[in-house]
There are 2 protein chains.
Amino acid sequence: MRLTDRQKLILTLVIHEHIQTAQPVGSKTLVLKYNLAMSSATIRNEMSVLTEYNLLRQPHTSAGRVPTEEGYRFFVGNLTQKSTLPTATRRTISHQFYQSRQDVEQWLKLAASVLANQSQAASLVTAPHADKTIFKHLELVAARGRQVLMVLVLMGGEIRQQFITLAEAVSQERLSEVANRISHQCTRCDIDDISRLRPQFDALGQDIIDILVAEMTLIEESVTGEIYLDGMTYVLSEPEFPESDEARQALHILEESSLLENLLASTMMNTDVGGIQVLIGGEGTWDELRQCSVILARYGDPQSLTGSIGVLGPIRMPYDRTISTVQFVANVLSDLVSESLVV
Amino acid sequence: MRLTDRQKLILTLVIHEHIQTAQPVGSKTLVLKYNLAMSSATIRNEMSVLTEYNLLRQPHTSAGRVPTEEGYRFFVGNLTQKSTLPTATRRTISHQFYQSRQDVEQWLKLAASVLANQSQAASLVTAPHADKTIFKHLELVAARGRQVLMVLVLMGGEIRQQFITLAEAVSQERLSEVANRISHQCTRCDIDDISRLRPQFDALGQDIIDILVAEMTLIEESVTGEIYLDGMTYVLSEPEFPESDEARQALHILEESSLLENLLASTMMNTDVGGIQVLIGGEGTWDELRQCSVILARYGDPQSLTGSIGVLGPIRMPYDRTISTVQFVANVLSDLVSESLVV
DNA sequence: TTTAGCACTCTCATCATGAGAGTGCTAATT
DNA sequence: AATTAGCACTCTCATGATGAGAGTGCTAAA
């Protein structure tokens, strides 16, 4: 399918106009609004070609044209120039990050909030997560009775905390001693290494190691870290969801973390840090997203920790701007995360 | 305002029926559906009395009756007996908690999910939070260069982590030593105590103490802990929100954490652990909630850590069941939290 | 190849209509 | 004195008819 320059222009204009008005766009409107040097009849002819190509479609015989999903895909693939975010916007965003608390969790929440506000759509951010869990540090804090708080720090900086119950009460001194021993012996070890070192420890140490290994296995098996969402209500204000039922389906995929992990897992597999994925209208696979588009990027350090960030909005979305926003925020997060990497 | 038994009965039935059908209920329907031993004319007379009292209202002259907010309030205040959740349900719920991981965060997420599913409405759970922050334990883990991961454990079990940047790189040994010294010296101290102890430490120790105090102050100033939400999409499926715009307003109050903290702060002030608050139709104060009711309870240990849990749904809500569910989950959480208290 | 002109199509807002549900009132009944 | 049957009345809502408006596709002229 090879389009003439004029056809590309018209497709672009139809998409632009439709994104603004959410209405089918007619030939006459186009000529008037964009001062085109051709008549509406010419546009009509071109439009009917684009309709043949399945890039545009008519909601009904005598209505204007609306871009098809394929039309959007062509547009995103061929017609958007790599637009960069205005410098002012970039500065505003960076500023927010660098003046926030130095805490990964804060950054991720902030990223979700910035994405949602900038794109006026729902956003998601997953915490950075490593494919391989490497032990870094362990801490045990006496809670009450046989309860102990275990804090586990992984290489890269992921932190997990958990209450464990020991067979009998143990003093804080003894707990610290064991934790120090394990921290010292096992630093930079993976699950197998730790299992191998297990016999070197005394009974208490071995109990702790068992819990430690179980926890690390759990982490290693999970596809993504914590998920942060924001801006779900923006989706509700879109005119394409007058019936809240349709918006419900889309938001449900965000809320139900198993569904979302599925989506992320199968989408991000073949995306590297720096790359970007644009899912338009569910791409035939995600039925609940038939009315939506999702823009996803990966951030982090490819060697160790990576996470996903993205935006979910209506198909009728300002792709160029949203894509560059997502990309920019991904870069900012990558920088922040790699700066504060625990090695 | 003093109601006869029959009037109470009719009010109750109208509410029951309206909750099921979401429609105005007429006198004839009532007689038929509930096999009442009186005629529809009698009901009509009583209904017009209840309408006088402003407990019922007519959407228009020739429609059935709908409960007013005041009607619901009277119903909740006087007519619901302290119904207990069916034992089977209670068991199902407890079971889920006791087989989950022993981790406060997991419990809270689970609580939100259980509440949302049980009540088919949006739910919120705030992490347990103390009015007064008392230091328990500190850990410092070398990250990279001058970056250090600081893990702070408070009495009660709240945990905060944060990256800090020191003036110069410091070895893990030295960091552990300082952390141990501080942990040992300052355990059970509040902010003032720690500030007083500051001079006892060396330069590095004092730097750490400064950050520590700043962080503890921050925690003490915040009204609530982390907030967990679930079931937002349930609200969208309610027939009272055909226009997604109205649902949007209500959900916005949940999503915007500052609004939510406001609501929680002013509502929970005069509620003790074990108590429950029912906000019907925004109570004239919360405009965005005009169409909604919120049921809130407090859980935790009144002496140390408390949090809030609650449900947000349409005014037309099965109050007795929802109230007992919220109350039950609050109790379960109270038990879990106090069992695993860090003292 | 482009454009003016025109008949044609389809939607959407508006209005009229009538069935249906429910009420309030009055007079009869218990 | 309280309850009920009966009935006129009111209001909504679904249905269908109507016409303006927007947009198209086609044809013939430029």
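Note that the structure is predicted; figures quoted are calculated from it, not measured. Residue numbers start from 1 in every chain, and the chains themselves are labelled A, B, ... in the order their sequence lines are given, proteins ahead of strands.
Across all strands, B:Ser40 comes closer than 4.0 Å to no nucleic acid atom at all (heavy-atom distances).
Without hydrogens or angle criteria, A:Gln58 side chain to A:Thr61 main chain gives a donor-acceptor distance under 3.5 Å.
If you check C:dG22 for Watson-Crick or wobble pairing at under 3.5 angstrom, you find it paired to D:dC9.
Listed nucleotides: D:dT3, C:dT3, D:dT24. Nearest to the side chain of A:Ala41: C:dT3. Of the candidates C:dT9, D:dT10, D:dT3, D:dT3 carries the atom nearest the B:Thr42 side chain, counting heavy atoms from C-beta on. Nearest to the side-chain atoms of B:Ser39 among the listed nucleotides C:dT3, D:dT4, D:dC26 stands D:dT4. Taking only side-chain atoms of A:Arg44, from C-beta outward, the nucleotide of D:dC26, C:dT9, C:dG24 with the closest atom is D:dC26.
Residue B:Ser27 places at least one side-chain N or O closer than 4.0 Å to OP1 or OP2 of C:dT23. At the phosphate of C:dA21, neither OP1 nor OP2 sits under 4.0 Å from any side-chain N or O atom of B:Arg65. Proximity of B:Gln58 to the phosphate of C:dG24: a side-chain N or O atom is located under 4.0 Å from OP1 or OP2. Within the 4.0 Å cut-off from OP1 or OP2 of D:dC11, at least one side-chain nitrogen or oxygen of B:Thr61 is found.
When side chains are defined from C-beta on, B:Leu289 does not count as touching B:Glu283, because their heavy atoms never get closer than 4.5 Å. In this structure, B:Arg6 and B:Met38 have side chains that are in contact, with non-hydrogen atoms separated by less than 4.5 Å.
For the pair A:Ile43 CD1 and D:dG25 P, the interatomic distance rounds to 13 Å; values are reported in whole Å. The NE2 atom of A:His60 sits 19 Å away from the P atom of C:dC8 (whole-angstrom rounding). If you measure from atom CD of A:Glu46 to atom P of D:dT24, you get 14 Å, rounded to the nearest angstrom. In this entry the distance linking CD1 of B:Ile10 with P of C:dG22 reads 16 Å, nearest Å. If you take NZ of A:Lys28 and C1' of D:dG21, they are 10 Å apart, rounded to a whole angstrom. Atom pair B:Gln23:CD and C:dA21:P shows a separation of 12 Å (rounding to whole Å applied). Rounded to whole Å, the distance from CG on B:Asn45 to C1' on D:dG6 is 14 Å. In this entry the distance linking CG of A:Leu32 with P of D:dG23 reads 10 Å, nearest Å.
Test B:Thr89, B:Ile295, B:Leu85 against B:Thr325 for side-chain contact (heavy atoms from CB on, under 4.5 Å) and you get one pass: B:Leu85. None of A:Leu13, A:Leu30, A:Ile15 except one satisfies the side-chain contact (heavy atoms from CB on, under 4.5 Å) rule with A:Val25; the exception is A:Leu30.
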